[in-house]
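One structure is given below, encoded as structure tokens.
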Number of protein chains: 2
Amino acid sequence: MSDQQPERVARESKRSRGGSAPTIYDIAKLAGVNPSTVSRALSQPGRINVKTEERIQAAAKELNYRVNPIARALPTGRTNTLGLFVADITNPVIFGIVRGAERAAADAGYTLVVAESQESGEREATAIERVMPSVDGLVLATSRLADTQIKQIAARKPVVVINRELEGVTGILPDVERGVDQLVAHLAELGHRSIAYVSGPETSWVSRRRWEALLAAAPKRGMTIVEIGPGVPTLDGGTAAISRVIASGVTAVVAFNDLMAIGLLRVALERGIAVPSQLSIAGFDDIFGSDFTAPALTTVRAPLIEAGERAVRHLLSRVSPQSDDRRVDVEALLPTELVVRGSTGHPLPGAGD
Amino acid sequence: MSDQQPERVARESKRSRGGSAPTIYDIAKLAGVNPSTVSRALSQPGRINVKTEERIQAAAKELNYRVNPIARALPTGRTNTLGLFVADITNPVIFGIVRGAERAAADAGYTLVVAESQESGEREATAIERVMPSVDGLVLATSRLADTQIKQIAARKPVVVINRELEGVTGILPDVERGVDQLVAHLAELGHRSIAYVSGPETSWVSRRRWEALLAAAPKRGMTIVEIGPGVPTLDGGTAAISRVIASGVTAVVAFNDLMAIGLLRVALERGIAVPSQLSIAGFDDIFGSDFTAPALTTVRAPLIEAGERAVRHLLSRVSPQSDDRRVDVEALLPTELVVRGSTGHPLPGAGD
DNA sequence: GCGAGTTTGTCAACCGGTTGCCAAATGATG
DNA sequence: CATCATTTGGCAACCGGTTGACAAACTCGC
């Protein structure tokens, strides 16, 4: 029976009436070879006779062929896509991470899916669940998930977390001590003897780390330090803390992040507190806009773009080991550094008393 | 011949040794039905006997089944993914758009792919080409592509452009006149008689529109207006324009966007020019941080989150018509409004002469 | 000129769903 | 109880690539 390839014929005829994108079958027909040969020619250069390969390439160009990533992903399981999950995409701390990640992914020919959990662990879990099957790996930048949840996810797909330490999961971490030491030294040099730390969310690993680093550094310089918080990591979280800061009698306050620091700065100025002479203020991250304030904000800069880049590059090295010769150094902590601007200065004699 | 289902058997046995995610075949086996029945039960509730459907649901739950979006996308062509393309993800104007788009997409169960062209039309074209087959539609937020290129893309997939007017392509546009009228009226009221507009990139549709609106509004209030530019839409672009602004002798300057306005503000203060008494400065967009400056920036706010939301919602209505009853009103322009802060004020007598 | 070793390209299964078609089962009706 | 209409669910093709196995064609040495 001439059961040749009825369905194939049907397909060709359907295809020939244009419309949808060209497939390797179209190329195969045009070049007079088998579809699998086309597939090899396109994805494994050298596997095929040069002459044939050229013919196929020509046909592909003529049809303006683009490989269909979805069709390719199905049998291979490789989607050439990475997922980036952030808690709040409008938080300027995120921008740098997103940019670095996007750039590193695009450079490697990968697509980046960005999802925002809007500070909700539940939303985050849902989004991850949905995206999981169609990505090769995930970057969790400011996860609101519990450690165990993250570990479960990491057991299914390669995961990199940023600013979080988790056993068995690669973390991109800042060298908190470095910047904090610089900051504390800077404040000590200016003549401050007492600091307050306005902390961020209770669950924030970063906030704890910053506090611990301050707690270790301050006594070494003969300074006292108190913690005020926890608070929400926003402008409002900063403004809300001002009373307690003032009540504490310190001459310098370090906020969990720049947003809170700016909130503090604003409300301090509103209340007629001179910055920095009556109260020095410093933040963390050096976000966009932190030099817009008057006085501009002293802050401990974190290399956010590099964090995003490194996270993605590490993920790529795990996803496609051959891709990059130079392995990403995940172990090394990201260097943080103090950026001195106008919001810190010598305390007035008697300030803070 | 008992050619029963040799391959299926092989598959099952492979699958049974765990590892990969459960499939509808696993569910089918567990529930004792055909895979196609499982597919129907899961994607067309009601098509199947209630009793059977329940059994399948139970099996799915037991196996913790998640539909594989890639496998689903292949035969249907629907990926449940949208693409968002921006020129510069660190530009604060973008943040709102991204957030609005992400939220609207997530709410509809869609995944958002974000790609950054880094101001390069070529990169943008490449990224679009790569992502195109795996998205159901695209939002171009700050495209650097030529009109004809965009039209070609729009012919292949649903496209929505933001802040750009293009025949045959849906555009989400701001009501520029509204905010500009308010701004010009505000300046006139303060006593200004001459304005300069520091324009953005030559190719920017928005910059042209803003200039046209100013050009129309200023004379109505008996004010003169000059254009200075084009310039790059960044802080540096603003600072670079200061000499020409001063030379023009105006008492008020309106910058293409907030970044340029802040650049102008900074360099003006550095040069000892009092703001606003010697020079009033205003911007556009009301980006994050535009109220951090001293004085805070007067600006024409654009509802960016809504722009992103509306873009995606419109796209969704085209992609899955049944999804939403209420159609998105794309025609309506997004209302812009003046936000008065400290950077505009009465000109000093003799200022600008 | 012939057998061994390589290269090249074809066959067909497969990834995990979706869906048109149809037969069996069920239910309604006379 | 027979007949016809309606559900219900199975079969198999299909989406567009990838890839292991293998046969045909080609190369080479003796």
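To find a chain, count down the sequence lines: A is the first, B the second, and so on, and within it residues start at 1. Here the structure is a predicted model, which is why all the values come from computation and not from measurement.
Between B:D136 and B:R318 there is no salt bridge, since none of the side-chain N atoms of the basic residue sits less than 4.0 Å from a carboxylate O of the acidic one. Electrostatic pairing of A:D147 and A:R164 counts as a salt bridge here, judged by a charged N lying under 4.0 Å from a carboxylate O. Using a cut-off of 4.0 Å between Lys/Arg side-chain N and Asp/Glu carboxylate O, A:R123 and B:D107 are scored as salt-bridged. Classification of A:R313 and A:E306 as a salt-bridged pair fails, no side-chain N sitting under 4.0 Å from a carboxylate O.
Phosphate proximity of D:dC11 to B:N34: present, with a side-chain N or O under 4.0 Å from OP1 or OP2. Distances shorter than 4.0 Å separate some side-chain N or O of A:R78 from OP1 or OP2 on D:dT19.
Distance B:K51 NZ to D:dG9 C1': 16 Å, rounded to the nearest Å. As rounded to whole Å, 15 Å separates atom P of D:dC26 from atom CD1 of A:I48. The CD1-P distance, from A:I56 to D:dG17, rounds to 13 Å in whole Å. The separation between A:E53 atom CD and C:dT7 atom P is 16 Å, rounded to whole Å. The separation between A:I70 atom CD1 and C:dC14 atom P is 23 Å, rounded to whole Å. The CG-P distance, from B:L42 to C:dG16, rounds to 15 Å in whole Å. Between A:Q44 atom CD and D:dG20 atom C1' the separation is 11 Å, expressed in whole Å. The distance from atom CD1 of B:I24 to atom P of D:dG9 is 15 Å, rounded to the nearest whole Å.
Here the side chain of B:Y65 is nearest to one of C:dG17, D:dT18, C:dT8, namely C:dG17. Of the candidate nucleotides C:dT10, D:dC15, D:dG17, D:dG17 has the atom nearest to the side chain of A:Y25. Of the candidates D:dT18, C:dG9, C:dT18, the closest approach to any side-chain atom of B:S43 belongs to C:dT18. The listed nucleotides are C:dC21, C:dA12, C:dT18; the one nearest the side chain of A:S36 is C:dA12. The listed nucleotides are D:dG17, C:dT8, D:dC11; the one nearest the side chain of A:T52 is C:dT8. For B:L74, the side-chain atoms get nearest to C:dG16 when compared with the rest of C:dG16, D:dG9, C:dG9. Checking C:dT10, C:dT19, D:dT18 against every side-chain atom of A:R40, the shortest atom distance belongs to C:dT10. In this structure, of D:dG9, C:dG9, D:dG17, it is D:dG9 that holds the atom nearest to the side chain of B:N49. Distances from the side chain of A:N68 to the nucleotides D:dT18, D:dG16, C:dG17 place D:dG16 closest.
Side-chain atoms of B:R72 and base atoms of C:dG16 include no donor and acceptor less than 3.5 Å apart.
Note that the CD atom of A:Q57 and the OG1 atom of A:T52 stand 11.5 Å from one another [nearest 0.5 Å].
Shortest non-hydrogen contact noted between A:V114 and B:E102 is O-OE2, 3.3 Å.
Residue-level contact check: A:T37 touches the bases, meaning some heavy atom is under 4.0 Å from a base atom.
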